[in-house]
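Note sheet for the following structure.
All of these numbers come straight from a predicted model, not from anything done at the bench. Positions are given from 1, in the same order as the sequence printed here.
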Amino acid sequence: MALAGVAAAGLAGAASLVTGMPREALAAETLLNVSYDPTRELYRDLNAAFAAAYEKETGEKVQVRTSHGGSGSQARTVIDGAPADVVTLGIPSDIDAIARLTGKIPADWRARLPNNSLPYTSTVVFVVRKGNPKNIRDWDDLVREDVGVITPNPKTSAGGRWNFLGAWGYAAQKFGGDEAKIRDFVGALYRNVKSLDTGARGSTITFAQRKFGDVMPAWENEAHLIINEFGKDQFDIVAPPTSILAEPPVALVEGNVDRRGTRKVAEAYLKFLYSPEAQRIIARHHYRPSDLSALDPQDRPVDVKMFRIEDLLGNWDVIQKTYFDNGGVFDQLTARK
């Protein structure tokens with residue numbers, strides 16, 4: 001199952017997924033943002049800024065709670081009943097799944113907010129041990145037999161799917177679309193994977209705390225978080241010459257906000273993500289803001305040559321079914337012989 005993971009046992013069980021959140025806290029003036037692994041620090045700051053701005057503008061207090069986990073697993077909790085007001089997930093196919101299976105999000109959700117419902121983007125870079133002892137520079141180095149790779153499981157993690165698709169897109173360009181050669185390349189990379197954690201933060205713990213593996217493909221923001229948390233003396237960041245444009249979207253869970261009476265504040269919350277204040281917070285956390293004009297020139301992200309995977313492989317329905325559903329390409333490449 002492409003969205004395998006935690007299943008919420010009704011609304012009461014779903015509420016317990018939010019750490020430290022009592023059931024009575026899920027009142028109308030409280031929003032629940034169901035998000036994915038690497039956004040803990042980002043939304044901690046965004047939630048506080050929004051609450052202050054909203055109270056200043058309306059005189060009303062609001063509290064935003066955020067649940068985190070692998071993006072696919074988080075989508076499953078919403079499908080199974082978690083009372084999310086908004087979802088801020090790691091990949092469009094996870095929100096598509098909620099829309100398709102529950103009807104609580106409209107099918108055209110991407111058109112409801114600016115920039116295809118993308119207040120920020122990212123890209124995949126490589127985190128390596130200090131001094132880069134394995135001399136890892138590009139995707140080709142991840143298929144060498146002497147390199148151990150740490151990456152999340154693409155069945156449960158959006159970061160894992162972006163890493164898989166980054167490798168696939170690189171190989172597609174390298175081999176001119178030759179399917180057999182692309183499969184060989186990506187299969188070789190996953191034979192080097194030493195740990196498939198369920199989410200990006202789990203992979204960070206495996207790589208940084210347990211000191212397992214030689215390289216961890218990661219979103220740019222997660223790579224900088226590792227450097228900030230564990231120190232520049234332990235890790236380096238290597239940006240490959242070409243990488244994937246990671247597009248983590250946001251959406252209003254209309255079926256839930258109408259039932260809970262939180263539409264007004266939930267819509268204001270999503271709108272706030274595009275404000276200059278929020279865009280500056282996003283940049284400080286090393287995501288790529290959708291509105292670079294909100295940033296001072298010295299704070300703008302470094303230019304990276306990036307490709308959109310939809311341009312190579314089609315829409316997200318096709319990508320999800322072909323590569324990540326049960327029996328798809330990922331399963332085929334990682335099946336034990």
Side-chain angles (χ1 to χ4, degrees), residues 2 36 71-72 75 88-97 99-100 107-126 138-140 142-143 151-152 154-155 157-190 200 217-223 239-251 274 282 287-292 300-325 328-330 332-333:
Y36 60 105
S71 185
T88 59
L89 296 176
I91 205 161
S93 56
D94 286 339
I95 299 182
D96 285 337
R100 183 176 66 254
D108 67 344
W109 60 268
R110 271 173 274 200
R112 302 293 180 102
L113 289 166
N115 195 36
N116 286 323
S117 292
L118 295 166
Y120 50 85
T121 60
S122 189
T123 190
V124 174
V125 297
F126 305 147
D138 207 343
W139 293 94
D140 286 320
L142 275 58
V143 305
T151 183
K155 305 282 279 192
S157 165
R161 271 169 278 173
W162 287 115
N163 290 350
F164 178 97
L165 294 170
W168 190 278
Y170 170 81
Q173 295 176 329
K174 177 182 176 69
F175 298 117
D178 187 315
E179 181 85 8
K181 291 181 178 178
I182 298 168
R183 282 175 170 259
D184 287 345
F185 181 91
V186 178
L189 190 158
Y190 277 86
W219 282 23
E220 198 170 33
N221 59 284
E222 187 76 359
T242 301
S243 196
I244 192 168
L245 175 64
E247 297 181 311
V250 305
Y274 293 88
I282 286 165
Y287 288 85
R288 293 174 173 254
S290 62
D291 181 13
L292 293 180
R300 295 180 183 181
V302 176
D303 286 337
V304 175
K305 184 179 180 181
M306 290 182 281
F307 57 85
R308 292 186 75 249
I309 198 64
E310 288 174 277
D311 296 337
L312 295 176
L313 300 181
N315 66 45
W316 279 105
D317 282 342
V318 172
I319 293 170
Q320 178 65 39
K321 292 175 183 177
T322 302
Y323 295 90
F324 305 118
D325 276 3
V329 173
F330 174 74
Q332 296 164 22
L333 294 180

- Does the pair Asp94/Arg161 count as a salt bridge with the N-to-O cut at 4.0 Å?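 A salt bridge is present here (some side-chain N lies under 4.0 Å from a carboxylate O).
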- Can you name the residues that form a ring-ring contact (aromatic ring centres under 6.0 Å, His included) with Trp316, not counting sequence neighbours?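 With sequence neighbours excluded, Trp316 shows a ring-ring contact (aromatic ring centres under 6.0 Å, His included) to Trp162, given in chain and number order.
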- Set of residues satisfying ring-ring contact (aromatic ring centres under 6.0 Å, His included) with respect to Phe307, sequence neighbours excluded: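 Counting only residues at least two positions away or on another chain, Phe307 forms no ring-ring contact (aromatic ring centres under 6.0 Å, His included).
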- What class does the angle between the rings of Phe330 and Phe164 fall in, given that below 30° is parallel, 30 to 60° is tilted and above 60° is perpendicular?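 Judged by the thresholds at 30° and 60°, the geometry between Phe330 and Phe164 is perpendicular.
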Indicate every side-chain donor-acceptor pair of residues 166-173 with a distance under 3.5 Å to a residue at least two apart or in another chain.
unit_1 : atom_1 : unit_2 : atom_2 : d
Tyr170 : OH     : Asp140 : OD1    : 3.3
Tyr170 : OH     : Asp140 : OD2    : 2.5

- Got a second to check how far Asn115's CG is from Tyr274's OH, nearest 0.5 Å?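 Rounded to the nearest 0.5 Å, the CG-OH separation comes to 6.5 Å.
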For the residue pair [X] and [Y], what are the closest heavy atoms and their distance?
| X | Y | result |
| --- | --- | --- |
| Ala188 | Val143 | CB-CB, 4.1 Å |
| Gly160 | Tyr190 | O-OH, 4.0 Å |
| Pro217 | Asn163 | O-ND2, 3.1 Å |
| Ala75 | Leu89 | CB-CD1, 4.0 Å |
| Glu310 | Asn315 | OE2-CA, 4.2 Å |

- Task: Dump the intermediate steps for side chain to side chain contact (heavy atoms under 4.5 Å, CB included) on Leu313 and Thr322, then the final yes or no.
- Result: CA-CA 10 Å; Leu313 300 181; Thr322 302; over 6 Å; no
Any side-chain heavy-atom pair from [X] and [Y] closer than 4.5 angstrom?
| X | Y | answer |
| --- | --- | --- |
| Val329 | Val186 | no |
| Leu118 | Ser290 | no |
| Phe175 | Asp184 | no |
| Asp178 | Phe185 | no |
| Val250 | Pro119 | yes |
| Val124 | Trp219 | yes |
| Asn116 | Glu247 | no |

side-chain hydrogen bond (donor to acceptor under 3.5 Å, both in side chains) partners for [X], two or more places apart:
| X | value |
| --- | --- |
| Tyr36 | none |
| Thr121 | none |
| Asp96 | Trp109, Arg110 |
| Ser157 | none |

- Message: Can a donor-acceptor pair be found, under 3.5 Å and without considering hydrogens, that links the side chain of Ser71 to the backbone of Gly90?
- Response: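 Yes; at least one donor-acceptor contact below 3.5 Å.
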- Message: Restricting to side chain to side chain contact (heavy atoms under 4.5 Å, CB included), what partner residues turn up for Asp311, sequence neighbours left out?
- Response: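 So Asp311 forms a side chain to side chain contact (heavy atoms under 4.5 Å, CB included) with Arg308.
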- Query: Sequence neighbours excluded, which residues qualify as side chain to side chain contact (heavy atoms under 4.5 Å, CB included) partners of Lys321?
  - Reply: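 Here the qualifying residues are Asp325.
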